[in-house]
There are 4 protein chains.
Amino acid sequence: MPAAGCQEPIRGVHGVVAATVRQERGRQVKAFVMKEIGRVGFMEKPDPQPGPGDAVVQTTRALICTSDSHTVQGGIGPRENLTLGHEAVGIVHAVGDEVKDFRPGDRVLVGAITPDWGDLASQNGYPSQSGAPLGGFKFANSKDGVFADYFHVNEADANLAKIPDAISDEMAVYCADMLSTGFMGAEKGNIPIGGTVAVLAQGPVGLMATAGARLRGAGLVIGVESVPDRQKLARMYGAGEIVDFTSEDVVERILDLTRGEGVDTAIEALGADVTFQTAVKITKPGGTVSVIGYFGEGEFVRIPRVEWGVGMADKTIATGLCPGGRLRMERLLRVLEAQLVDPSHMTTHEFRFDDMERAFEVSDKKLDDVVKVMITF
Amino acid sequence: MPAAGCQEPIRGVHGVVAATVRQERGRQVKAFVMKEIGRVGFMEKPDPQPGPGDAVVQTTRALICTSDSHTVQGGIGPRENLTLGHEAVGIVHAVGDEVKDFRPGDRVLVGAITPDWGDLASQNGYPSQSGAPLGGFKFANSKDGVFADYFHVNEADANLAKIPDAISDEMAVYCADMLSTGFMGAEKGNIPIGGTVAVLAQGPVGLMATAGARLRGAGLVIGVESVPDRQKLARMYGAGEIVDFTSEDVVERILDLTRGEGVDTAIEALGADVTFQTAVKITKPGGTVSVIGYFGEGEFVRIPRVEWGVGMADKTIATGLCPGGRLRMERLLRVLEAQLVDPSHMTTHEFRFDDMERAFEVSDKKLDDVVKVMITF
Amino acid sequence: MPAAGCQEPIRGVHGVVAATVRQERGRQVKAFVMKEIGRVGFMEKPDPQPGPGDAVVQTTRALICTSDSHTVQGGIGPRENLTLGHEAVGIVHAVGDEVKDFRPGDRVLVGAITPDWGDLASQNGYPSQSGAPLGGFKFANSKDGVFADYFHVNEADANLAKIPDAISDEMAVYCADMLSTGFMGAEKGNIPIGGTVAVLAQGPVGLMATAGARLRGAGLVIGVESVPDRQKLARMYGAGEIVDFTSEDVVERILDLTRGEGVDTAIEALGADVTFQTAVKITKPGGTVSVIGYFGEGEFVRIPRVEWGVGMADKTIATGLCPGGRLRMERLLRVLEAQLVDPSHMTTHEFRFDDMERAFEVSDKKLDDVVKVMITF
Amino acid sequence: MPAAGCQEPIRGVHGVVAATVRQERGRQVKAFVMKEIGRVGFMEKPDPQPGPGDAVVQTTRALICTSDSHTVQGGIGPRENLTLGHEAVGIVHAVGDEVKDFRPGDRVLVGAITPDWGDLASQNGYPSQSGAPLGGFKFANSKDGVFADYFHVNEADANLAKIPDAISDEMAVYCADMLSTGFMGAEKGNIPIGGTVAVLAQGPVGLMATAGARLRGAGLVIGVESVPDRQKLARMYGAGEIVDFTSEDVVERILDLTRGEGVDTAIEALGADVTFQTAVKITKPGGTVSVIGYFGEGEFVRIPRVEWGVGMADKTIATGLCPGGRLRMERLLRVLEAQLVDPSHMTTHEFRFDDMERAFEVSDKKLDDVVKVMITF
């Protein structure tokens, strides 16, 4: 996901952590952790053990996300020695007694969000909100994340997905968050076939929103981006027009591209007040602003009153958190199998897990035109 | 509707006005107009004539709306000698050659919004936005309104509805805007049967949102209101709990009433920044904020960032403008026929059209615990 | 639900039964079972035990359903000594170690459908289909039902709901199936406020569909029924018109009542080919046929081709199976709390559990104008 | 569209025909007509004239549809000297006084369906049903069609769309019916990104349903077809698997391809009872059968009861009629502009209008592996 969630520790965090790391069987795993706000590094941790319905996965590939940086900066509050990372694939190492569909040795994908499926929010159709607001987001939030040799997965039958032979780990790992979040932006945007879409910011999630808009049959996808490499990727993923906010007025230009009407759907993929305002302004009456950015700053996010139609223009503002779960992951893997999207173009850097500190620095400081950093275990 | 729309004159206003009033057959109608910003009064106007698909209706009952006051205060920009009013019923006086389903003498209801049905926004499912943002709102905005002996209706076959014998004019006139807007708040709020709903502000539109929430099967409707008479009406229309913002913390109280979860749906029926913020805060993850208030002030309407789930809590903010058209009006009349809602409890004052200046003052200055003022022609 | 489901034993049935009844701790429960096709009676069974996430409930009230008769007649295939019944309330007797929100002594409602919430069908939004088609329907199908002193509930935190003090057992028990299935008919029927609805057959589920149509704000609900007592109940639950198929042509009459247009929504609540055909015929183009009847006979259910608009009239045929789960049950209980519907009018007969054989006979043979038979434990 | 509609003459047909052909200015147009059931040929007809809101278009390209054959065979009842054809592009020749957005000389696309936009069915969201069931289908049904030098279009501003310079007439003409109907099959099928879809029959409309499934992001599209050329086209338009019903069991094979679950969406694109049954059988619980075929025969279309889940498997059967109107056409043209679909592969034959009799024979008798026949004027 673009970034993490709550300011407060999430309900049940201690119980979960306890369940996964308490046992002391001697074997230790190497983990890349947030030691405290602002400080990261390696440490040894006890080997995680699965509960009756859970699994432990041996990590093979992981991706670093902007939200890992947010977390380290204190975005979800203080954490001590919390293993980072939420985008990973691996090999099932162990499963609990009640797990039916997975066995050690299975090559699996794990969604960044691993919901409690029986929870009331899940029953209501919003599993990402299970347990608490954004409560499905457990990795590197309410329990240890995936930047470790092994990591724990709750409700394995519901939260793991087998990776088909035809799909490499390097491709599959993008489903965990990037495809799921980006595509959600398109899905919640209610795009009609042939509709017009603007995607504001072409970072990895915005790029996958661009691809997602194409997957829903958008007739025109406008990518808003100033970085040339990202503009190029945006075109590759389906943007028919690029608007560079450093050299032109975004609202004016997008209205021009749409006969003055505005777009059917504006996808906000940055998480900034000003971009959100632009999104509202460029959306036609009856259209949808679909938010996938993480809004990390300020007391308010501001809706421009007049362009919002003084609350009467039938504009909808939708939000959501990266859908997880086995069904979602299986569907995303099918998109890869059908070769509809190739996320590997976003991998600008690759590091061994041993070089994680350098890898994190590249991602964190956005060095060297980084888009996405892949870690090999 | 709660209030009017655009800051700018709407496309085509002059043409429309010309078409409806230019003819000079001698007969004059008496109209209650906004002479200029801040000034109202009677004047004589030429008798309106129907175009080929239009009708002219002789007014029998009308209601004054808060948005008439907004308009006079300049809310939609300057207007000169514009007839006010958008809520009326009457008798068909004349129809154009192409009108098929209505004849002079028919007792009819006219929606406050009279869309252009072939327009692209209408084809997109948003007729209230036809022609321009909020463009379906023509009366007392882009053409003369209904506070006159006679008024003009575009696309008569599509925008008129016959009033069944069993329903009085005094009841039917509430469908034009109050029921349509209020119920829309409930409909767009996506209320599940047995769901929890809060309606913020129990003015006439809020009261009809309360009734609308009941009509959709809400299990608990919480009315937020401080005025005793309105609290009483709220209970009558289905509020099971009343929260008085002058004596208790609205957010805290509503979270208490919902086990800390928040409501499935919050309906904002005031149009104020602070109420909107409350609506976002009291809505559960996965829930909907449904806006029916007119936001008349300030550059921005502000979303509280953290309670919005930093853009990730699956909270949806929906808006809309009073649905119009014959089908809608027929359905609302059926609600009255089935005696599901009795809007007449809201009529606190009645005046003859000749006393319109006093009537307007009562509504405008909210004198004498006014809820809704009815005018008889 | 109107009746049961699959012709084949459902996946996992043996495992589940084993888990719930195999243990032999000595205590026996009294159960009313289907001994084999066509034969019912009491028997002693081992006391059920909860798994880690499960509960055992001591039954206080139960209702007999038409589908219990279907099951006994072989509707879901042969069963041996299967405890019957799926509509019950009771007191929590025991819970497994992982149950968080329920404790022995809690007065609870259990949905007739108790889904596996992590299953792929549940993740897809269709928990009633979890595990297999209609797989959420476990009681008296893939495991023992509720006509026993004690019964077992899977995933207790997700499938139980506490009953508020203000609601009696006699009221709450109707939520398990009758309200949930009947209201689903209205919900899936996509009824607009003020819309027109016909409910075909006013048995208990049809009556609750009638009530459900009112809960969604239907403007006209037409009940099709010939039995006077049921006609009377239909009016009580909101039918504004009654059509008696024994004395008038249903299609003709309903078209008359709707200006020749047909209804927005037809709810089929019988499960018969001919009624289904009528439902298609009386539904307007763009309308919905919502099926809640159990279709127990014949190789085919037949759509009348021409009235279906030769496959082009934008008519939708929706189906579903009684939604279960804690959230649903809580919402239905809230409907009772708000006194929006009083299901107790349907209780025509009451028996002690000891008189279950006579009670079953009354329900099975539809003696004595029975609508619904309540059992007290 | 696959084929035409009603057995009965449609309301208003005589009025419309009168309006369009009554004037006798001397000029005659050449038209290819259905003289009576079973007989076609050329004839001269009076030059059509536009009403105030209408247009007359000079035809440049047209396509022959299977439904033209159905009509000639009597599928919509007897017609005398009715001009055939409903898929065309051309040049605006004349417009009525009230037409605002089109002028003579404009190159335009006309949807096969030209709704009355103010009608109650249109207000209800189903413009294809305006005026009567399937009433939006006017060409070659309730008024003269497009196989003529000039043809009449009602509500020009709402039913015409300008063709962008980049798109040839040969491409644009496919939007009128083929893309609109085929894509509707995908849209109404409620396909999730990465979902599984089967399209039963790969005629022109089925091929565009295949393309439409891809446009909505299906992960696996299974085309059911036996003709090698059509199988090849199906793969070109996005089918990842082909099932040949002449050599394998369709139900068994599709269940195999989907782990025994069935597809999320089955699109019936033939209009045959047996294919419809297959569609129900291969759809998973919670899935959708989306019907775009024209069902021309038999009293009933039959649902297989058990595989339908005895009416309880949450399977939805959706239907519809080719969406028309300017907005739809503009969106489809945008799909062509973005080069997402190239319909020209379906043009197997081209003829001059003078050779229409031979052209019709090729299409009618399915000679020479015809897929689609284009006519040049």
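Bear in mind the structure is a predicted one, so any value in this text is a computation, not a measurement. Reminder, nothing fancy here: chain letters follow the sequence lines and each chain counts from 1.
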Among C:Q277, C:Q129, C:K315, which residue forms the greatest number of heavy-atom pairs with chain D at distances under 4.5 Å? C:Q129
Could you tell me the separation between the CE atom of C:M312 and the CZ atom of D:F295, rounded to the nearest 0.5 Å? 9.0 Å
Within residues 191-201 of chain C, the residues sitting under 4.5 Å from chain D by heavy atom, in sequence order, are none
Report which part of D:E261 has an atom under 4.5 Å of a heavy atom belonging to chain C: side chain, backbone, both, or neither. side chain
Between D:W308 and C:F276, is the ring centroid distance below 6.0 Å? yes
A side-chain contact here means heavy atoms from C-beta on lying under 4.5 Å apart; do C:T319 and D:T316 qualify? no
Within 6.0 Å of CD in D:Q73, more than 12 heavy atoms from elsewhere: yes
Excluding sequence neighbours, so at least two apart, what forms ring pair (Phe, Tyr, Trp, His ring centres under 6.0 Å) with C:W117? none
Distance, nearest 0.5 Å, that separates CG of D:D273 from CZ of C:R302: 11.0 Å
Highest number of heavy-atom pairs under 4.5 Å with chain D among C:I317, C:L120, C:V289 belongs to C:I317
May I ask you to list the residues in residues 279-287 of chain D that approach chain C closer than 4.5 angstrom, counting heavy atoms only, ordered by number? D:K284, D:P285, D:G286
Is D:A313 in contact with chain C via its backbone, its side chain, both, or neither, using a 4.5 Å heavy-atom distance? both
Report the residues that fulfil ring pair (Phe, Tyr, Trp, His ring centres under 6.0 Å) with C:F183, sequence neighbours left out, ordered by chain and then residue number. none
Quick one: does any side-chain atom of D:R305 pair with a main-chain N or O of C:V301 as donor and acceptor, under 3.5 Å? no
Test log, rule salt bridge (Lys or Arg N to Asp or Glu O under 4.0 Å), inputs C:K188 and D:D314: CA-CA 10 Å; C:K188 289 217 161 193; D:D314 280 300; 2.5 Å; yes
